[in-house]
Amino acid sequence: MHTRRRIKVDLIGPVAHLAGLKTLEIEFREEREDVKLSDLLEILSNRLPQLREYIEEWSNNPGAFIISVDGEVVRDAGRVLKGGERVLI
């Protein structure tokens, strides 16, 4: 059975400027249970290639800029996303 997870992504500052938008919603349809922040970042990198450099920079140095999930600063791309979260980049 496929589960669906919707995650709202808010972009601010230079990231929003580069992307040309401030919010988007990503829907995962995954068979596996462990959708991670790294999966979300990969999708964003593919959908918004202009953000690829920022995303790669964060992956190599999680302190480079802030990513938060439901208001909690995250520095671990392995953070599991269950659906319904709001991610701020």
Side-chain angles (χ1 to χ4, degrees):
M1 181 173 155
H2 294 279
T3 56
R4 292 181 184 207
R5 294 175 179 91
R6 288 187 181 174
I7 298 166
K8 185 169 184 174
V9 179
D10 293 321
L11 305 173
I12 61 172
V15 175
H17 181 73
L18 272 176
L21 54 100
K22 293 183 179 182
T23 50
L24 67 151
E25 192 170 271
I26 304 293
E27 182 175 307
F28 288 94
R29 286 186 274 177
E30 298 282 338
E31 290 181 5
R32 63 182 197 213
E33 294 292 322
D34 63 339
V35 174
K36 298 177 183 169
L37 179 59
S38 60
D39 300 317
L40 175 67
L41 295 175
E42 183 178 342
I43 287 172
L44 288 174
S45 183
N46 289 330
R47 285 194 188 173
L48 301 166
Q50 62 271 38
L51 298 183
R52 189 168 287 133
E53 186 176 320
Y54 274 94
I55 291 169
E56 287 174 2
E57 180 181 354
W58 186 87
S59 295
N60 293 326
N61 178 14
F65 58 92
I66 292 174
I67 293 180
S68 71
V69 177
D70 290 338
E72 176 188 340
V73 174
V74 176
R75 289 189 170 89
D76 178 9
R79 163 81 149 72
V80 174
L81 302 172
K82 297 177 181 176
E85 290 93 346
R86 186 176 208 133
V87 175
L88 176 71
I89 301 174

**Student:** So, for V69 and R79, which heavy atoms are closest and what is the spacing to 0.1 Å?
**Tutor:** CG1-NH2, 3.4 Å
**Student:** Find the distance between CG (L81) and OG (S38) and round it off to the nearest 0.5 Å.
**Tutor:**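 The distance works out to 8.5 Å.
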**Student:** Treating Ile, Leu, Val, Met, Phe, Trp and Tyr as nodes and any side-chain heavy-atom pair under 4.5 angstrom as an edge, say whether I43 and L18 lie in one connected cluster.
**Tutor:** yes
**Student:** Evaluate whether atom CG of L24 has more than 12 neighbouring non-hydrogen atoms of other residues, nucleotides or ligands under 6.0 angstrom away.
**Tutor:**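 More than 12 within 6.0 Å, yes.
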**Student:** How far apart are the C-alpha atoms of I67 and V87, what are their side-chain angles, what is the distance that settles it, and do they pass the side chain to side chain contact (heavy atoms under 4.5 Å, CB included) test?
**Tutor:** CA-CA 7 Å; I67 293 180; V87 175; 4.0 Å; yes
**Student:** Can you list every side chain to side chain donor-acceptor pair (under 3.5 Å) pair that touches residues 58-72, not counting sequence neighbours?
**Tutor:** none
**Student:** Please output the side-chain donor-acceptor pairs of residues 7-17 that fall under 3.5 Å, not counting sequence neighbours, one pair per line with the distance.
**Tutor:**
{"unit_1": "D10", "atom_1": "OD2", "unit_2": "R86", "atom_2": "NE", "d": "2.4"}
{"unit_1": "D10", "atom_1": "OD2", "unit_2": "R86", "atom_2": "NH2", "d": "3.3"}

**Student:** How would you list, by chain and number, every residue that makes a side-chain contact (heavy atoms from CB on, under 4.5 Å) with E27, sequence neighbours excluded?
**Tutor:**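 side-chain contact (heavy atoms from CB on, under 4.5 Å) check on E27 returns R4, R6, R29.
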**Student:** Sorted by first residue and then second, give each salt bridge (Lys or Arg N to Asp or Glu O under 4.0 Å) pair with at least one member in residues 50-61; sequence neighbours left out.
**Tutor:**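 Matches after skipping sequence neighbours: none remain.
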**Student:** Could you see if V80 belongs to whatever hydrophobic cluster contains V35? Use Ile, Leu, Val, Met, Phe, Trp, Tyr and a side-chain cutoff under 4.5 Å.
**Tutor:** no
**Student:** Would you say L40 ends up clustered with L88 if hydrophobic residues are merged whenever their side chains have heavy atoms under 4.5 Å apart, either directly or through other cluster members?
**Tutor:**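 No.
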**Student:** Measure across R47 and I26 and return the closest heavy-atom pair with its distance rounded to 0.1 Å.
**Tutor:**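 Taking R47 first and I26 second, the nearest heavy atoms are NH1-CD1, 3.2 Å.
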**Student:** Examine L37 and V73 and state if one hydrophobic cluster contains both, with Ile, Leu, Val, Met, Phe, Trp and Tyr joined whenever side-chain heavy atoms are less than 4.5 Å apart.
**Tutor:** no
**Student:** Determine whether L41 and I89 satisfy the following criterion, side chain to side chain contact (heavy atoms under 4.5 Å, CB included), listing intermediate values before the conclusion.
**Tutor:** CA-CA 10 Å; L41 295 175; I89 301 174; 4.2 Å; yes
